[in-house]
Amino acid sequence: MYKSDLPNSEAVDQEFMFWKKKWSVIKPEDRPNILAKAIKTCNENQCPNLFEHLKIGCTLPVTSTEYERSFSARRRLRKWLRASKTADRLGSLAIMNIHYNEIVDYKQVSKLFFTLHPRKLCEKV
């Protein structure tokens, strides 16, 4: 299915055999048991196809819960805000709602906002 994403699809079997042999001499409790750990131990230059497979595996969601949560949050925001907000702002608000537990440095955010959107102050006559 992901053959077009691989650098050299003919070498996949050899890379997998090398990877399997590499980890067969290591105790099972010391082997990477999740993709995030496995990708850190995989040498991209040595096994480019396997590394690409691991990257693809890390990006695939395990369940549809993440999608459902993001759609629910977007629907709530759209209902509350109606069409008064632009799509870009609505998307940003949805991301903030979904990742509500992230710590945000508001001073840094405001500095970035003022840098990106400078405004001239009205001079009094």
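Keep in mind that what you see is a predicted model, and the values were worked out from it rather than measured. The figures that follow rest on heavy atoms only: side chains count, while hydrogens, waters and symmetry mates do not.
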Review point. Any side-chain heavy atom of Trp19 within less than 4.5 Å of one from Lys22?
Key: yes

#### Entry: Within-4.5 Å side-chain heavy-atom neighbours: Pro48 and Glu15
yes

Between the CG atom in Asp105 and the NZ atom in Lys111, the distance rounded to the nearest 0.5 Å is 8.5 Å

What one should report as the nearest heavy-atom pair of His53 and Val12 is CE1-CG1, 4.1 Å

In this structure, CG of Asn8 is separated from CD of Gln14 (nearest 0.5 Å) by 8.5 Å

When rounded to the nearest 0.5 Å, the distance separating SG of Cys42 from NZ of Lys55 is 10.5 Å

Q. Is Trp23 close to Pro32 at the side-chain level, that is, under 4.5 Å between some pair of heavy atoms?
A. yes

Shortest non-hydrogen pair, Ala11 vs Asn49, comes out as CB-ND2, 3.8 Å

CG (Leu50) and CD (Glu52) are apart, to the nearest 0.5 Å, by 10.5 Å

Glu44 side chain to Phe51 backbone, donor-acceptor under 3.5 Å:
no

Between the CG atom in Leu35 and the CD1 atom in Ile56, the distance rounded to the nearest 0.5 Å is 11.5 Å

